[in-house]
S.K.: 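Pasting in a structure now, in structure tokens, and then I'll have a few things to ask.
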Amino acid sequence: MSSTHGPCQNHLLAALPAAHLDDIAADLELVPMALGDMLGEPGRAFRHVYFPTTAVVSLYHLTSTGAMAESACVGQEGVIGIALFMGGDSMPSSAVVRSGGHGYRLARAPLMQGFARSGPLRNALLRYTQGLITQIGQNAVCYRHHTVDQQLSRWVLATADRAPGSDLVMTHEMLASLLGVRRESVTSAAVKLRDGGYIRYRRGLISILDPAGLETRACECYALVKAEFQRLLPLAPAPAGGVLKQDHHD
């Protein structure tokens with residue numbers, strides 16, 4: 001394993017007692033997770049689970065017309081591939097890296113062996129799954145009832161929590177797709193947040209200037225999901241901050 005990376009950069013793994021983390025440490029493989037990498041496709045069985053450390057992964061659904069919307073995002077707080085230990089093997093959503101970085105992957109066999117013999121690992125995975133279900137459900141409410149300004153604020157804060165200090169390459173078109181809104185609506189919302197002093201962006205580079213203020217602009221969904229993860233797992237996500245990088249043409 002690299003001296004500059006460690007499994008405990010992932011909060012779920014860091015929550016495990018040392019002896020139980022040691023049981024799976026030899027089978028954890030550090031892997032690069034590049035922007036656009038597909039970690040899971042609808043209906044296709046997972047062969048590994050992934051524990052992101054510096055990458056952020058989007059779980060999204062695609063309709064028959066080509067429209068899409070993000071149901072959840074996963075970063076250093078969690079794991080990709082819950083279908084493996086939940087017994088379903090595959091999921092109806094796609095899992096795509098939206099902010100490049102690194103993570104650790106664990107093959108099916110050692111995962112299931114650890115799940116069967118290690119109570120702390122099993123409990124951490126199931127608790128995380130409960131948090132993910134909360135995020136998916138709350139996002140559904142958010143898309144239905146909250147403004148684009150609120151959704152964008154939530155999205156920026158949630159992304160910064162999961163990849164503090166990292167850059168994110170994201171076009172306005174892609175962000176609009178993830179939120180299920182028009183590109184012009186995203187641009188208008190971003191301008192409002194910039195003019196309010198909550199974020200700064202120039203030539204596609206976005207950074208959070210006022211995390212606390214930005215949280216007041218977000219809907220309650222952000223705080224509810226964050227509180228649930230803090231309740232379920234001992235380690236809370238890092239404070240919001242960092243820089244989000246978007247396409248220079250937007």
Side-chain angles (χ1 to χ4, degrees), residues 11-12 15 52 56-61 67-80 82 93 98-99 126-166 168 170 172 174-201 206-244 246:
H11 297 162
L12 194 157
V56 179
V57 178
S58 176
L59 304 182
Y60 70 85
H61 293 258
M68 61 182 288
E70 183 182 74
S71 58
C73 64
V74 183
Q76 57 189 189
E77 88 292 354
V79 61
I80 305 295
I82 65 170
S93 60
R98 76 176 192 206
S99 179
L126 293 179
R127 282 174 175 265
Y128 171 75
T129 300
Q130 181 175 335
L132 183 64
I133 291 170
T134 299
Q135 183 186 173
I136 293 171
Q138 201 66 46
N139 283 353
V141 171
C142 190
Y143 293 140
R144 180 66 179 85
H145 295 289
H146 295 141
T147 67
V148 177
D149 295 14
Q150 291 174 313
Q151 293 180 45
L152 180 60
S153 298
R154 167 187 61 77
W155 189 91
V156 169
L157 287 165
T159 300
D161 280 346
R162 287 162 174 79
S166 71
L168 177 67
M170 180 66 63
H172 279 189
M174 188 63 176
L175 183 50
S177 294
L178 291 175
L179 295 179
V181 299
R182 296 170 62 245
R183 179 190 181 281
E184 293 80 4
S185 298
V186 169
T187 300
S188 176
V191 168
K192 290 179 182 178
L193 296 180
R194 181 199 64 189
D195 291 348
Y198 303 106
I199 65 173
R200 178 178 61 232
Y201 72 86
I206 298 178
S207 56
I208 298 176
L209 299 178
D210 182 3
L214 188 60
E215 189 167 348
T216 67
R217 293 298 303 266
C219 51
E220 68 268 25
C221 301
Y222 169 71
L224 285 170
V225 171
K226 185 172 183 176
E228 183 69 350
F229 277 118
Q230 289 174 327
R231 183 182 74 85
L232 292 168
L233 293 171
L235 293 180
V243 176
L244 307 184
Q246 295 193 344

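One-based numbering along the sequence shown. Owing to the predicted nature of the structure, the values given are computational and were not obtained by experimental measurement.
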S.K.: When you compare the side chain of Glu228 with that of Gln135, does any pair of heavy atoms fall below 4.5 Å?
M.R.: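 Side-chain contact under 4.5 Å: no.
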S.K.: Looking at Pro52 and Gly78, what are the two nearest heavy atoms and their distance?
M.R.: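 The pair with the smallest heavy-atom distance is CD-O, 3.5 Å.
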S.K.: I need the minimum non-hydrogen distance between Cys142 and Cys219, along with the two atoms involved.
M.R.: SG-SG, 3.5 Å
S.K.: What's the separation between atom CE in Met68 and atom CG in Leu178, rounded to the nearest 0.5 Å?
M.R.: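 Those atoms lie 4.5 Å apart.
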S.K.: Looking at CZ of Arg217 and CG of Leu157, how far apart are the two atoms once the value is rounded to the nearest 0.5 Å?
M.R.: 11.5 Å
S.K.: Are Val74 and Arg162 close enough that some pair of their side-chain heavy atoms sits under 4.5 Å apart?
M.R.: no
S.K.: So Lys226 and Asp161, side chain to side chain contact (heavy atoms under 4.5 Å, CB included) or not? Walk me through it.
M.R.: CA-CA 9 Å; Lys226 185 172 183 176; Asp161 280 346; 3.8 Å; yes
S.K.: Which residue pairs satisfy the side-chain hydrogen bond (donor to acceptor under 3.5 Å, both in side chains) criterion with at least one member in residues 138-147, sequence neighbours excluded?
M.R.: Asn139-Arg154, Thr147-Gln150
S.K.: Please answer whether the main-chain N or O of Leu59 pairs with a side-chain N or O of Ser71 as donor and acceptor at a distance below 3.5 Å.
M.R.: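 Yes; at least one donor-acceptor contact below 3.5 Å.
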S.K.: Find out whether Phe229 and Tyr128 are in side-chain contact, i.e. whether some heavy atom of one side chain is under 4.5 Å from a heavy atom of the other.
M.R.: yes
S.K.: Only pairs under 3.5 Å count here: list side-chain donor-acceptor contacts from residues 186-195, not counting sequence neighbours, and write none if there are none.
M.R.:
{"from": "Thr187", "atom 1": "OG1", "to": "His172", "atom 2": "ND1", "distance (Å)": "3.0"}
{"from": "Thr187", "atom 1": "OG1", "to": "Arg183", "atom 2": "O", "distance (Å)": "3.3"}

S.K.: For Thr159 and Arg98, does a side-chain donor sit closer than 3.5 Å to a side-chain acceptor?
M.R.: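 Yes - a donor-acceptor pair under 3.5 Å links their side chains.
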S.K.: Any idea which heavy atoms bring Gly197 and Leu209 closest together, and the distance?
M.R.: O-CB, 3.5 Å
